[in-house]
Every structure is written in C-alpha cells, then in structure tokens.
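Accompanying notes for the structure given below.
Convention: sequence-line order gives letters A, B, ...; per-chain numbering from 1.
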Number of protein chains: 2
Amino acid sequence: MFLSRRSSRDKASQYVRGVTFPSHLRKAQQGNERPKDPKLWPYFQDGLRRIDYVLTYHVQKPQSTRKQSSKSCLCCKFRREQSNPPAHEDPELAAQEQRLDYHDDDQRLRREEFEENLREMGLEMEREEGKYEVSHGSSIVEKVNMFMQKVTAPLQPNVGENRMENVKHLSYPFSREKMYVILILSLQILYEEWASYSIFYKYQPIGLIRKYFGEKVGLYFAWLGVYTQMLIPAAIVGVIVFLYGCATVEDNIPSMEVCDERNNITMCPMCDRACSYWKLVTACGTARASHLFDNAATVFFAIFMALWGQQLCSPFMFTRTLVAAVHQLLCLYILRAGNVKLTCKDRMPAYMTIIICVTLAIVFGVVLYRVSIMTALHMSSTPTFRTNIRATVKTTAAIINLIIIIIMDEVYGAIARWLTIMEVPKTDKSFEERLIFKTFILKFANAFTPIVYLAFFRGRIIGRPGKYIYVMGSYRMEECAHAGCLMELCIQLCITMLGKQLIQNNLFEIGVPKLKKMLRQRKIDKKHQEELNKTLHRHEKDHFLGPFVGLNPEYMEMIIQFGMVTVFVASFPLAPLFALLNNIIEIRLDAKKFVTELRRPIAVRAKDIGIWYTLLRGLSKVAVIVNAFVIAFTSDLIPRLVYQYMYSPDGTLHGFVNHTLSYFNVSHFQPGTEPMEPMHLGYKVEVCRYKDYRDPPWSATPYEFSREFWAILAARLAFVIVFQNVVMLMSDFVDWLIPDIPKDISIQIHKERNLIVELFMKQERGKKYRNTIGDPSPQPLRSRPSSQA
Amino acid sequence: MFLSRRSSRDKASQYVRGVTFPSHLRKAQQGNERPKDPKLWPYFQDGLRRIDYVLTYHVQKPQSTRKQSSKSCLCCKFRREQSNPPAHEDPELAAQEQRLDYHDDDQRLRREEFEENLREMGLEMEREEGKYEVSHGSSIVEKVNMFMQKVTAPLQPNVGENRMENVKHLSYPFSREKMYVILILSLQILYEEWASYSIFYKYQPIGLIRKYFGEKVGLYFAWLGVYTQMLIPAAIVGVIVFLYGCATVEDNIPSMEVCDERNNITMCPMCDRACSYWKLVTACGTARASHLFDNAATVFFAIFMALWGQQLCSPFMFTRTLVAAVHQLLCLYILRAGNVKLTCKDRMPAYMTIIICVTLAIVFGVVLYRVSIMTALHMSSTPTFRTNIRATVKTTAAIINLIIIIIMDEVYGAIARWLTIMEVPKTDKSFEERLIFKTFILKFANAFTPIVYLAFFRGRIIGRPGKYIYVMGSYRMEECAHAGCLMELCIQLCITMLGKQLIQNNLFEIGVPKLKKMLRQRKIDKKHQEELNKTLHRHEKDHFLGPFVGLNPEYMEMIIQFGMVTVFVASFPLAPLFALLNNIIEIRLDAKKFVTELRRPIAVRAKDIGIWYTLLRGLSKVAVIVNAFVIAFTSDLIPRLVYQYMYSPDGTLHGFVNHTLSYFNVSHFQPGTEPMEPMHLGYKVEVCRYKDYRDPPWSATPYEFSREFWAILAARLAFVIVFQNVVMLMSDFVDWLIPDIPKDISIQIHKERNLIVELFMKQERGKKYRNTIGDPSPQPLRSRPSSQA
C-alpha cells in the first residue's frame, strides 16, 4: 500500500503481517466520559485519545509494533522469542524471509525514517512491546520451499535498492483525514444486515461495506450484486426453455422414430470385437433426454444469453456498479484517464511461458478426460453395460474428471504464481494483473478443455465402420450417443459446474477456514483462551483471525462461473439457475467470511474492477462464437432443418432418423475388428447402419462423404456466420439504444457540471476587471470539491 | 453559437448572416503610433481601440449591425432597401424568413436585451449604419421553396417561445478573454505554410489552424492529416500486391488454360436467341486481367487493410489526433465524461423514416444500376460486341452509373435535411448529429448499392441454361464474365471512386465556389469594385467571401472514401493509392478554400470529431465481414484451393477450368430461347458448357447442384468464419499491444497529475492543522489551471 515499487514489495510485506499480542498493555483510564469499553475501541495510554490505525509486525531482532492515528499514534514495541514464521503465512514469502536477514539493518533504518515522517505529518505515536509464543511452521512445506528456492536461485531476480524514490512516498497514505467513528457500530450493522442468509433477498449495504472495507472490496460486492441480479432473468428464461423442452418431448418426431419398435434398425457395433450389433430402439431413453436440451428454443436462448453476457459487461451496468461502490462522479472520470496500458515490450516475456503452459494444460486436460472415461468404462465391466447405460458411465467419468480438475486448479494456481515471480513485474499492480491473467488462462484451460473436447472433437474424427481412426495403436476414438454429443456435454457441464461450486465453495471456503481456526485455537489451551478473551483488546482479538489474502480467488470463481453460464449455455439452459442459487449463498458466505473470519483488510482505493472487466468482456465475446458452434455442430438442429426443407418428402421430420444413418456392408470390416458374437441379436446381419452422411456401399463412390454431408456442413457454417453477426449487430444496437450512463446518474453529473460552470464563471468575472489582457487559451474547468464540503 | 436551443435556431441565424457594408464609415485617425493600416485591422472611431468581433445582419425593418470586442465594441446600424434575401443564402432558411415577419418585434427586443447584457459584461460597443443594394435571389428556387413550404405546412413544427431560459445564455460567449493579437499575421502564415500545393509533403500547422479557425476545424484537419499519413503504408502495400499480380500473370494456370487454343471449349450463349455459342478462348483477356486483382496476395491484403482500418479508429490514433488539435490534456478528459447518449425514445421517430428511405434508396440504386447496364448495352449495337468486348460495356455502364450516383447524392442530401427538420431535434448538436447520420446512411446506400449488388448478387441467381431466371417477364439476370465478377467489381469501384473524387472535388469544390464568386462580382461593375477594394476595410472585404457552411460535406466525402478504401479493398488493391493522391490534394484544396474563399468561421469548441468517429468505427467493422465475403464468394480463390487440395489429380491447378464448367445438352433449351444462329462457330454444337457446379445431363440427377458445389460452398463459408474471427482476434491483440494513449502523451499526463497531487497535498497540509476532525470522504482531485497560467 505505501510502497508501490515491486523492488520493495517483499520487504514491505514484513511490516504489516505479524503478531500483536501486547500482554502488559496498561488499561485505559475509565474516568473519562467518552471511553466506555476499551475492548470495543483501543485508546492511547491516557484513555482519551482514540487510536485509528494499528500497525503490527514480527521481527528477527528488536523491532516495533506501531499504532497510529491521524490525531494520535501509539507504537507497541515487543520482542519475539522464536524466529520461525507462524503457520498461516504465505510459505513462499516465508522462504524468502530466511534470505532477508542481512536486510534487517536496512529495515530498521527504513522503519525509523517512516516513523519520523509520520511524526512530521503531525501524527501521534505510542509504542508497545509484547511477547508471544508462536508454533513452528509446517516443516515439510518449509523444506520443499527451501529446495525450490535453491533450484530456482539462478532465476531469482536480483533487484537493486531504490531507496531515494521511496522516501517521498512513505508518508503519503497518512495525509488523509481518515475518521472511522462508527467502526464497531458498522461491524455490528454489517453482521446483522449483510452477513446473514436469512436476508438473501435484500440489497447489500454497499455504502457501508465500502466505508468499512475500502473501495476495492466494495466494488467486488457491488459487482457481485449486479451480476446476481442480472442472473435472475437469465435463470427464469433458462427454466422456461427447459420446461418447453419437457413439454414438447412427446411431440418430438425424431425421438419417436428412435423409440418406434417397428423401425427395427440394426446399428453397427460401438467398439471392436467385444461389442456387437445393437438395435437403435435401445437408445430411446437418450434420444428423449436429448430433446430436453436440444430443441428450437435453445437457439433463442443462446442468442438471449449472448446479448445478456454482452449487456452485463456494458458500460451501462459497469457505471451502475462503479457509482454504487465508489459514489464519486467527477473524480471518477478524472482518475480514469490515467489507465495507461502496458506496452508490448513489458508483456513479451509472459507470452512465451504462458503459451507453452496453456498448450500443455490443454493436452493434459484432454488426456485426463480420456483417462477418466477409460477408468469409468473399466469400472463397469460387462460389455452390454458399456453400450446401454451410457449415462451412468458418463456421469462416473465426469465425476472423476471433476476431481482431477479441482486438484489441477490448485497446481495451476501455484504455477501461475511461480511464473509471475520469475517475470519481476515492476509494480504491485502489474504483479497482480499478470498473476490474475496467468491464473485465469490456466484455470480456464483446465476447466474448459474437457468440455470443449467433448463439444467439438469427440465423435468428429472417429472415421467410419471398417476404417476407424485409431490412436496409440489400437485405441479407437469414442463415438457419441445416437442423439449427438449434446447430452454428454450437458452431463459434463452440469457436474463440473455444480461440483466445482459445491466442493470449492463449501469445502474450501467454509471448511478449510474453520479447520484452520480450530488448529490455531487448539494450540492455546481452553482455560487460557477464556482468560485471554476477557483481557484482550479488540484489535488484539482481531489478530487471531486469518489474514486477508485478496479478492482474486473470489473473482476467479465468479469469472469461471460466468464462463460456464455464457460460453456453453446453449447446451445447458439450467446453468443460470444453478449460478443464481450459488451466488445468493455466495454473497452471504463471503460476507460472513469478511465480517467474522478475516482480519479487516487495509482499505485500498480502486477505480474499477480492473483486469477482471477485460476478462469478462473477452469471455462474453468468446461466448458468442462458441454458442454458434455448439448449436451448429453439436446439436442436431441444423441437420433437422436441412432435412425438413431440402430432403423431406412431406415437409415434416418423418424419416429424419433414417436419413441420418448411412449403410455399411459388414463384409467390409477390417480383419480382426468384426464382432465376436455376430448372432447376438438373433439373426444374421448383412448391412448395419451408422450415424454419418456417407454414400452407401452400392454407390459409385462407396463410403465417401455424400452430397447431403456437404450441404449440411454448408448450412452449419452459414448458421455460424448468421448467428455471430446477428448477435454482434443486435448487441451493438442494444448498446446504441441504452445510454452509457444511466439517466439518473447523468442528471447528477449534469448538475455537478453546472455548479462547476457557475463557480468558474464567478472566478472569471472576478478576474476580468483585474486582468483584461490575459491568456488567449481557454482555461480548463476546475472540478468543484465534493458536495459534502 | 450563443443560442443553443433548437426552438430559437432559425431565429438566431438571422442575427449572424447578412451584410456589412458601411459606406460612410469615418476613417480612423492616423495620428496614433499603433494603427498602421486600418484595412488590416478594424479600429473604433477613435482609431486606438481595436475591434475583436464584428456582428452583422440584415433586416426587414430598421435594425442594427454590431461590432464588439472584449475591450470595446462598435455597432453599425443601417437600413436595407430591399427585403429579399441575397442569392447565396440557404434557400430553406430564406423561405422561413418570410414567415417570421411577425417575429420582428420579438427580435428587436431580444437584440436590445443582448446588447444590454454585453454592456453589462464590460464590453464596449459602437453601431454603424449602412446601405447596400442586394440583387434578387433566384426566383425559381424561391418559388419552389414557397410551394414546398405550403405542402409541408401541416408537418412543420409549431415550437413555442422559450425566452426566459435564453436570457441567461445570451451573455455567456463573451465572458472569455479572447485575444486574437496575431489575426492577420496568422492568415498570412496559413496562406504561405498551409494553403499551398508545393508543400504537400509537410505537416500541417495544426496549432495555428486551431487558433485561427477554432477547435472544430482544427480537429478536422488534424484527423485528415492522420488519415492521410496512415494511407501511405496502405498505398505502398496495395501497389506491391498489384505488382505481384502483374508479375505472376504469366504463371497463372487457370488463365493459361482459358487462353489455350487446344482446349477448344464451347460455351453456352450469354443471352437468349440473339447470342450464340462462343469459344472460351475469347475470354482470355478478361481472365488474365482478373488475375491482377484476384490472386493469393489479395487475402493477405484484405487482412492487412481490415487491421489497418481498425487501427485508424483505435484510441491510440484518436488520442494523437485529439492532442494534436486540442492540446489540452486533463481538460479533455473532464469534458469527455459528459458525452451522454440519446435515449431510445429520442431516436425512434428517426428509424421509421430512415428505414423506408434506405430501402427505397437501395432498390432505386439497383434499378438505376441495371438501367445503366441496359443503356450501355444498347449503345453497343452488334451482338458479337456484346459478348466479347465486355470491359468496354462495363466501363460505359459504370460511367453512366457514376453520373446517376452524383446526381442522387445531392437529392439524398436534401431528403436527409428535410427529414431532420421534420423531427424537430431539441438542440443544435442533436440536429447536426441526426442530419449527419441520415445523410451518411442515404449517401452510403447510394454509393455502395451498385457495388454490393455487383459483388454479391450479380451472377448468383441466374439459374442455369434451359432454366434461366427471368425478371419482369423476359429480362434475364446478367451473368458475370468467365473469370468471375471481381473484374467488373474492380472497374465499377475504380470509376466510382476516381469519378466521385474528380468530379465532386474538383468540379464542385473548386469550380462552383469560383462560379459563385464570379456571379457575385458580376453584379458590382468593375470600376466600382476597384474603388471599393481601396476603400473597404478588411472585415468588409471578408464579407464578400462565401459563408462557412460547416465541415459536414468535407467529413462526408472523406468517410465515403474511407468506406471505398476499406470495405471493398479486396477487389481493388489500388484504392488506397488513389485515396492517398486525392487526399494530398484535398488537404491543400480545403486549406485554400478556408483561407481565401470562405468567411472566417466562428470558432467552435469541440472535444472530438463526434459522430464521425462512431461512423468510422462502424465502417471498419463492416469492412471485415464484407471483405471476407468478397474473397470467399466473388473471387475464385476458394474454388481454386478446393480443387487443388481435394479434386486435382496431381495437386496443381491443371484442369481447374474444366472442373468449374458444367455440361448442358442443347436439346434441353426451353422453346424459343435457343440461339438463332446455332452454326455461328462453324460446327454443330450438341453439348455446351457453363460456369457452375451442377451434375451433367447424363447423371441420375441432371442439373442438380453437385457434391462439388456443396463442398465449395462449405469451404467458402468456413473461410468467412475463419477470416472474420482471425481479423477480430488480431485486431483485439493489436489493440492490446498498443497502448490507448501514446507513450509521450502518457508521460505528459503523468507529469500533470503529479503536479495536481502536489498541489492537493499542499492544500491538505494547510487544512489539517485547522480542521482535524473533518469529512471522512476522500475529496476529489482538483485539476490544475492550464500550464500557461
């Protein structure tokens, strides 16, 4: 916060974290009328002057803990007996700490200078010393870190000192008149009016959140609120689309044809040797289930969601969020001008690593996905089981895949952090942006690779009976079920989304902090703890809470969810509903965490949600094209339409199923791949059917792609072009219709501007008589002090 | 300028236009040391105080002409003998003037109040009366206007008075200390350093232009300069692509095959009855010429130009333009915040009319195009001529079409103005934006309809031999030449672009003003004129110049040119070169016009180029998709590639021409459509060929679209998707690489911001000791007065 250069980032963090446990702090005198309860509010030793800010840190050598306020300042100096870092610290920083011993003198100098600056600014200070026993950090983690550190030592940055520039900045953050007069009261209100599940339907008290936690946290919750609110219409439309699918399942001609016993279509085996021919009618259940997600309403829903995604990222919504959280209009725009982007030179080193990593992640993802399918297949041993109860197999595979994804998520997070440290970004902000970008790319690739593979590659490059494509010798590429891959895509999406939300949110966000707290408390025996509870001051108790580790995990979770909701929404219309339900809990869960589980974060100024906005916009763009491809290629919509308008003899879908199936002469099987039990169905099969558009064996060009194949391919591609451009056009049109700035806010801006102009006019009029021949250039307007002034 | 409400727009315009011709102005005393030449600078009657601002107007009843300055003010009052408006006036306003007689009293009151306000502000004024004979306005125009006015009377807005609000605004524009101390000097410098063709390679003196003509004009020239500069690389690449086409024309296998006498392919007749069979070898010339524009480099060039177009509209370039012209950094951003868009309710009435108009314009454009082709065909009478020397016919048709386009341009301009007046926009700015938008849409539809028709519809829906598609009974849809429509598209584009530039620029922009000037001068006999030249003051002479009618025609011309350069660049790589050559002249031409031909415009503040920027961005987006379609569907690139990789026996293009031609059995001609001279080629034709992918007559499905047709269609559509998304991705990537704000400017902004922070810190420090318990909210930063202060 107060040292913006990266070169001093690691060192600076030493000041802030640590332990405040002043065991022999003298009680504040109670004779005054103001200080009622010293536990609720810390006072200076005189018991009159209140403390605004407490700085604590732990030290290797004699160092100090400080408390300071705008009005007065108390510094507590104490010695710690053990030099090992506490268990809850960032292990990477802990490792670096070992190497920073020789920096101690420098630190002390820096600290003294800092204190000097604070005093110069008119702050009052008191110091306090304290002793505190801290348990050893996890020695395994430490050892691993030591090893890692040695391995990467040649790569570690050797950054020089930049002390001269820092001198000036050190005193800046304390020059504001910060007055948290309602500190304790706020926390109480927040706990009652915000961090409670029973009031999930209410708006969040954003103003209070901002005041208590700072703008950055306020912006996150404001954005989360807007997003959740926007999810409501999406969820409603999604449910309607799903219900439409349920209602029309009985009228769906293709699934009726599949289920019709009279059609009696013999299909080619699904795998070599072990599988045999099968009747199409056995796929009846899947075909009917597919219709729930693959119907005409899906196209409408996909367009709706594409526009929805674009609107969520529109300046209109964004301004609403900003104004709700930051509540400063003109100042906002002045600040926004400074959004200078990184140049290409700054970014180049990141590209090489990230491209390699992403490629590896994608390949790894596909391999893992296929491993999970194989595992699921082996778990179900009978051959008939394999072909028939596909949904069970798919569900098992998806669950295995989900577990792998969650594990890899953590690994990728670590890789991203390691890569970013390698790059030595110049500022904290740049460090954060790079870290977020890398983490996002890797986690996104991790979560979406199986889904993309399933949607676009699975069942596309399988070859044909008699000439299947094999990978790694004898492993045949999987086919999709008869009704297309959409059903399987849907299962995969559903499990990944629900599973990620349930496991990551509930287990990681609720369970792990609880566990950590328990572990911390176990070390202090219970009696001692009760005693402490009575004697300890508020700020001392707060120190036992977990440290604030930033908002990035929260944002990341939401953005992956946003990706699931928009990018593949065509295949799973219930996604917005699940997201909505999750978010309603998520808001209160995060609120509880912020209010009761974490130390109060240092308030950070923020002008917008930063790189997340860019990522959201990017995702909403990707969503348009992906949805177009899902509808065109994964669903059966286009083939149905083409059949209906080009090939159907009576203009209906009757005969569609037969049209999608090609003929195969069983005598053309490659030797060794024909089924072991050819008489499985009770009769000798001469011609079996498979799902593809190819010429029959008796034509001039057997098994070549037929004219229908190319016609349908052209129709699919045409659909993609039309969909993409229509959505883009509509999105531009909606953008054009909806003003950038909501009407009420624009009126407010207009009012403020008028006041400025009047102020300006008055000044000018006063000047004119004094100074008639002046500067010919028009003078810039001056922004008026905020309206409260 | 000083009345911003639309309701008083028409009335306000009465003040400013008119005649200053004070024939009995007393000479300024020459005894002073300062006033050297009263012709160069107007002085008050005392000859000491200089005049800054001259207001003139003509009146129905006794009214006044005013001259006023920030320091002192001279008003010249005079009576005019004739009540008819001068010939150079806007005819529409002239017509309205007739109806405003009863407003005269109101005008006088308003004027007196205005003068009173000026005096209150501390301005000095002098009045002067003068007599001036003005000839009658063109009586035909007047009569037409009177008629139009009567016809549209019920539609005319009946806007009420809004006097109370105007009172306050009247005095505002004069509260600035405007000092044009280098007025005459500037004009001299501008004339020498800017309005000269011999210095076309130099940068424009944008700072001086802005100072003399105001920000709005400065922005136009700054933008034009940036655009012209950006055209240089585009022109170079375009020429290279064209040269590549020239160099490879000998190696092009398809055109070699067309020209090969041995192939001896008999083609089906191009028209019913009158035309006969023809040899493919006669299309040799066209095939070779087509290769110049239709080769592999075109794809590269189209991608390049799409990125180029997007870059031209990028924030980077835009900021450069802005900073060059406006040169105020922080002020700029404060102002930009107020860019409140219109709401959908404001826009709705415009949509209905514009949609109808555009539809009509497009239909009309196509009809006119086809009429011009028919005319050209009739002009060349012999049947053989029709089929062979197609290029000549096309050129004639394009020229006829061009003339129609130029005429319709003027008509559409008038329609747009009329429609906008019907809508009664609330402010001048909104009036201008609506007018621009409508004019743009109509003129764009006018200029591009023939080109779009030619590129995408011509030759697509012709049917096939034996089953041609006829419109309006017996008129057959035109085919393209053998090598595709690209050649014809190229001719059309080339002639439209060059013609529009040559005729509209040179004839309309140089010729017409010259003619007007001549007409004006003819009315005053020569001797009298010379005498006047000696006695007249500078500001009196300036009044004989044409009035400034706004920048919209200049912008419109450039934006249509930008459209030509980017939207159809795939078919005409030399477009950027022509545009560059035109613009180099255009800058100096406009400069000359502004310096010598027009009255000095009233300086108008502008924060950006306004709606033009939106239109430019829109065009650059449209360009991507249009270019994708041109390459995929109009050029032969995709069929060539598909043939080479899917059907060619040896992987080369040998046999491609044969592959593109389908067979037709001449016995299948519809009765009455077979050629009258079947033996024209000297032998009996049984099977002729035509350019399409259809099954031969001897197949099971004669004349159906063949498998190749669908495969190529799929490939074309796939290309469109890939092209569009690759360009969009690359464009986003380039945007990401290039910072929004150029580095030098961002450094400057950073410096200014630091100064502000320091100022703020100083103020805060001063306040702290006085006011320790203050406002908890952070105060907005104050923008520093401009650096000159």
* Asked: A/R707 side chain to B/F705 main-chain N or O, any donor-acceptor pair under 3.5 Å?
  -> yes
* Which region of B/F719, side chain (C-beta onward) or backbone (N, CA, C, O), has a non-hydrogen atom less than 4.5 Å from a non-hydrogen atom of chain A, or is it both or neither? -> neither
* **Contacting moiety of B/Q724, where chain A heavy atoms sit under 4.5 Å** => side chain
* **Nearest heavy atoms of B/M646 and A/W710, plus distance in Å** => CE-CZ2, 3.7 Å
* Between A/N725, A/D732, A/I625, which shows the greatest number of heavy-atom pairs under 4.5 Å with chain B? -> A/N725
* Structure fact -> Between B/L717 and A/L717 the two heavy atoms that sit nearest each other are CB-CB, 3.6 Å
* Max heavy-atom pair count under 4.5 Å with chain A, selected residue of B/L729, B/I721, B/V720, B/T614 -> B/I721
* **Top of B/A715, B/A714, B/S706 for chain A proximity - count of heavy-atom pairs under 4.5 angstrom** => B/A714
